[in-house]
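Structure first, commentary second.
Predicted model only: the values in this text are computed from it and were never measured.
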Amino acid sequence: MVDDLLAAFELPSPEADWRLRDLWLENVSARLVDRYGLWAVGWRWSVGEGDFDGGPVGSWCCFSHSVTTPEATATTISAALVEWRGWLDDLAERFDRFLPLPADDLDGWERAVAHLVTGVGDRTQYESGWYRCCMTVLGWFLEAAGIESTRRKELLEHAVAGRTGII
């Protein structure tokens, strides 16, 4: 599927204007989402500094480092998409360990935070903006737990209060 997608959108040259490269990447992302669903949108959330830094995907960095020949680029995109899906599946398993989470169960929340922060940190190698990935994952967990948005904000603040060196 990725080979067909790349055939539909000719690779810009590495010297192309950054806007053309970004447009190409956005078109690729849109086609992946059209084909596989909204979950595919995170395939470029790279470890370290990249397109969207601080994420869990090691297969993709950015246009200048990840795009080469059409064949190699298709392989890289496929690997990034598979890696991203594996991360989402891993998160689902991690979430299941702590769900359901009653809204007033602060101890359960704290156990989940410790587990999820460690998992995110390990996966992102604590690189660049890893803490943004961590906050996103904690927010997803609270949403999956059915915690209302105002309470989610309180719990997220509780999770990071006084711990700016951690998150």
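- Of all heavy-atom pairs between Trp84 and Pro56, the closest is CZ3-CG, 3.7 Å.
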For this session: List the steps, then state whether side-chain hydrogen bond (donor to acceptor under 3.5 Å, both in side chains) holds for Thr76 with Trp60.
Result: CA-CA 7 Å; Thr76 300; Trp60 181 267; over 6 Å; no
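- Not a single ring pair (Phe, Tyr, Trp, His ring centres under 6.0 Å) links Phe52 to another residue, sequence neighbours left out.
- Contact of the Val47 side chain with the Val57 side chain is not registered, since no non-hydrogen atoms from C-beta on lie closer than 4.5 Å.
- Arg31 is not listed as a side-chain neighbour of Asn27, based on a closest heavy-atom distance of 4.5 Å or more.
- Two residues are said to be in side-chain contact when any heavy atoms from C-beta on lie closer than 4.5 Å; Leu116 and Trp140 fail this criterion.
- Considering only heavy atoms from C-beta on, Leu138 stays 4.5 Å or farther from Arg152 through its side chain.
- Among Ser78, Ser29, Ser59, the one residue that satisfies the side-chain hydrogen bond (donor to acceptor under 3.5 Å, both in side chains) test with Trp43 is Ser29.
- The CG atom of Leu11 sits 8.0 Å away from atom OG1 of Thr68, with the distance rounded to the nearest 0.5 Å.
- Closest heavy-atom contact between Ala40 and Leu81: CB-CD1, 3.7 Å.
- Applying the side chain to side chain donor-acceptor pair (under 3.5 Å) rule to Thr150 yields the partners Glu148; only residues at least two apart in sequence or on another chain are considered.
- Residues Pro12 and Phe63 meet the side-chain proximity criterion, which asks for heavy atoms closer than 4.5 Å.
- Relative orientation of the Phe95 and Phe141 rings is perpendicular, given thresholds of 30° and 60° on the angle between their planes.
- Pairing each heavy atom of Gly54 with each of Ser128, the nearest pair is N-CB, 4.3 Å.
- Ring orientation note: the planes of His115 and Phe98 are tilted relative to one another, at an angle of 30° to 60°.
- How far CG of Asp53 is from CD of Glu127: 9.5 Å, rounded to the nearest 0.5 Å.
- In this structure, the separation between OG1 on Thr136 and CD on Glu143 is 11.5 Å, given to the nearest 0.5 Å.
- Between Val160 and Val113 the shortest side-chain heavy-atom distance does not fall below 4.5 Å.
- Across every non-hydrogen atom of Val120 and Cys133, the tightest pair is CG1-SG, 3.9 Å.
- Annotation for Glu49: atom CD does not count as buried by contact number, only 12 or fewer foreign heavy atoms lying within 6.0 Å.
- Residues Cys61 and Ser46 approach most closely at O-OG, 3.5 Å, considering heavy atoms.
- Panel note: side chain Glu83, backbone Gly58; a donor-acceptor pair is recorded below 3.5 Å.
- Proximity of Trp24 to Val67: side-chain heavy atoms (C-beta onward) are separated by under 4.5 Å at one or more points.
- We find that Asp89 and Arg85 are joined by a salt bridge, their nearest charged nitrogen and carboxylate oxygen being less than 4.0 Å apart.
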For this session: Please lay out, stage by stage, how Leu155 and Arg151 fare under the test side-chain contact (heavy atoms from CB on, under 4.5 Å).
Result: CA-CA 6 Å; Leu155 289 170; Arg151 182 71 174 135; 3.7 Å; yes
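- Counting only heavy atoms from C-beta outward, the side chains of Trp109 and Leu142 approach each other to under 4.5 Å.
- The aromatic rings of Trp130 and Tyr126 lie perpendicular to each other, with more than 60° between the two planes, well past the 30° mark.
- With respect to the salt-bridge test (charged N to carboxylate O, under 4.0 angstrom), the residues Arg123 and Asp90 do not qualify.
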